[in-house]
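Worksheet for the structure shown next.
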Amino acid sequence: MLDSKLLRTATEEVAKGLAKRGYELDVAKIQALEEKRKAIQIKTENLQAERNSISKGIGKAKQAGEDVAPLMQKVENIKQELVSAEAELATIQTEWDDFVNAIPNVPADEVPEGKSDEDNVEVRTWGTPRNFEFPVVDHVDLGANLGGLDFEVATKITGTRFAVLRGGVARLHRALAQFMLETHTTEHGYEEVNVPFIVNRDSLFGTGQLPKFEEDLFKLTDDREFYLIPTAEVPVTNIYRDEIVDEAQLPIKLVCHSPCFRSEAGSYGRDTRGMIRQHQFEKVELVKFVRPEESDAALEALVGHAEAILQKLGLPHRTVILCGGDIGFSSAKTYDIEVWVPSQNKYREISSCSSFRDFQARRMLARYRNKETGKPELLHTLNGSGLAIGRTLLAVLENYQQVDGSIVIPEVLRPYMGGQDVLIPAKK
RNA sequence: GGAAGGGUGGCAGAGUGGUUUAAUGCACCGGUCUUGAAAACCGGCGUAGGUGAAAGCCUACCCAGGGUUCAAAUCCCUGCCCUUCCGCCA
């Protein structure tokens with residue numbers, strides 16, 4: 001959520017910033033609403049003040065044993081006017097809130113211009129894609145051959161876009177999660193958290209999934225309006241909703257392994273084969289709460305923490321900065337990390353790291369007490385995948401495949417695999 | 001699932017319809033005193049919004065949302081949460 005005051009006083013600048021992401025701010029609507037709001041608010045508050053003072057007078061008069069009928073008559077007239085004024089103010093307020101809540105974040109200055117993912121700008125690459133001297137097999141066939149990846153049976157159990165993992169592949173999947181958690185906690189200084197995977201509407205509003213992106217979520221039929229989390233970002237970031245933290249506690253760095261559930265409405269026919277796009281997947285998520293002046297540096301560090309996982313795994317990847325047209329609703333600046341997928345002969349997204357600045361914090365009222373001013377101020381929030389586990393598994397299978405269909409297990413994962421160094425295809 | 005009691009500032013805690021601008025204590029900040037500190041004493045001390053050049057003034061907020069009333073922390077309804085007891089349960 002953008003600052004209403006800024007929206008009113010610097011409308012043109014905000015509109016210019018939003019234009020970079022292709023969002024046209026309705027300037028005329030802001031001016032019209034603001035004009036109405038101002039008049040009605042002043043009128044309402046004046047009427048309230050008048051009523052309060054007469055009511056106080058009635059109390060005093062009664063105590064003194066005086067006749068209160070004239071005062072009662074006076075307040076009666078005010079009351080009628082007040083009721084309609086209050087209703088009118090509430091209507092305008094709701095209209096304003098609905099309008100402001102639907103406005104996306106303003107992209108940072110350094111976000112490149114552009115309309116789609118084709119305009120994203122490569123920042124750096126790491127590693128060289130391997131030269132295979134045999135026909136590359138994709139992870140679906142590799143996994144089937146290993147007896148460890150079964151999409152058909154998952155379709156029977158549930159439906160499309162689910163997978164069943166077995167044996168060594170299931171173990172490798174678990175090893176990846178463990179390895180990521182261990183690296184982020186012991187080497188990068190994050191605190192591990194375990195959170196609810198079902199959240200309420202307020203939490204989804206706080207991080208920006210609601211009210212605009214309800215169709216991407218799985219909603220429970222329970223009348224408490226619960227939803228399955230689309231990412232651990234939601235529960236983890238909302239830990240500090242409606243909180244004022246001590247400045248001395250900052251920065252707060254949290255890491256969380258969780259399942260993620262996405263309806264993938266609107267992506268019919270895209271990535272239908274394999275593990276790229278599933279209704280359920282696991283992810284290790286990094287979340288930070290920092291002082292405003294530290295958020296730019298914190299984003300760079302966060303991207304580095306995610307890249308470090310791929311480097312330890314020896315997986316070639318590149319990092320791009322998203323252009324204005326491709327950036328998410330709540331984000332001010334986003335880097336995507338893309339891993340090399342040999343079967344597709346291209347890089348595919350495996351992590352998305354964003355700084356939201358104060359956009360989420362304002363929705364959540366997540367604040368810290370500024371030591372110098374003594375006043376509560378909005379935090380800056382950031383998050384990024386570190387990494388998506390299913391896609392990392394896919395990348396390991398494909399990049400480490402051998403001609404006989406076996407998979408070499410990357411060195412760093414072996415401690416989590418009981419020392420095992422290769423996955424061998426099941427006997428037919 | 002059943003029964004009872006609760007939810008008030010950073011914390012503790014008073015307040016059951018009107019001189020309550022939410023008492024008081026603790027914590028915190030400033031000052032006096034002191035060689036320095038502590039103690040004591042004096043003063044300050046919530047959030048959001050509006051208005052104003054500023055000082056200030058005004059409005060809303062006592063878990064949340066409705067309602068009754070000229071007037072609600074206080075009365076009524078609904079929801080959420082907490083505590084205790086019973087039942088069920090990994």
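Everything numeric in this text was worked out from a predicted model, so none of it was measured. Labels below follow one simple rule: chain letters A, B, ... track the order of the sequence lines, proteins then strands, and each chain is numbered from 1.
In this structure, the side chains of A:Ser258 and A:Glu285 stay at 4.5 Å or more apart for every pair of heavy atoms.
OP1 and OP2 of B:G49 both lie 4.0 Å or more from every side-chain N or O belonging to A:Lys5. When the side-chain nitrogen and oxygen atoms of A:Arg51 are compared with OP1 and OP2 of B:A60, one or more of them lie within a distance under 4.0 Å.
Evaluation of atom-type donor-acceptor distances gives no pair under 3.5 Å for the side chain of A:Gln41 against the base of B:G49. No N or O donor and acceptor, one from the side chain of A:Lys56 and one from the base of B:G18, sit under 3.5 Å apart.
Searching all strands for a Watson-Crick or G-U wobble partner of B:A48 with both distances below 3.5 Å returns B:U59. Nucleotide B:U74 forms no Watson-Crick or G-U wobble pair with any nucleotide shown, as no partner meets the under 3.5 Å limit on both distances. A 3.5 Å limit on both hydrogen-bonding distances identifies B:C86 as the Watson-Crick or G-U partner of B:G1. Pair assignment for B:A23 gives none, since no Watson-Crick or G-U wobble pairing has each distance under 3.5 Å. Under the Watson-Crick and G-U wobble criteria, each requiring two contacts below 3.5 Å, nucleotide B:U32 is paired to B:A40.
The residue among A:Glu50 and A:Glu34 whose nearest nucleotide of RNA chain B is located toward the 5' end is A:Glu34.
Here B:G50 is the nucleotide among B:A60, B:G50, B:U47 with the atom lying nearest to any side-chain atom of A:Glu45. Side chain of A:Arg367, nearest nucleotide from B:U47, B:C70, B:G50: B:U47. Residue A:Ile42 has its side chain nearest to B:U51 when only B:U51, B:U47, B:C70 are considered.
In this structure, A:Trp96 and A:Phe99 have tilted ring planes: the angle between them lies in the 30° to 60° band.
Both tests hold for A:Arg363 against A:Phe205: distance to the six-membered ring centre under 6.0 Å, angle to the ring axis within 45°.
When all heavy atoms of A:Cys353 and A:Ala306 are compared, the pair lying nearest together is SG-CB, 4.3 Å.
When the P atom is compared between B:C63 and B:G13, the two are found 15 Å apart, to the nearest whole Å.
Between A:Lys38 and A:Glu35 there is no salt bridge, since no side-chain N of the basic residue sits under 4.0 Å from a carboxylate O of the acidic one.
For the pair A:Asp202 CG and B:G65 P, the computed distance is 11 Å after rounding to whole Å.
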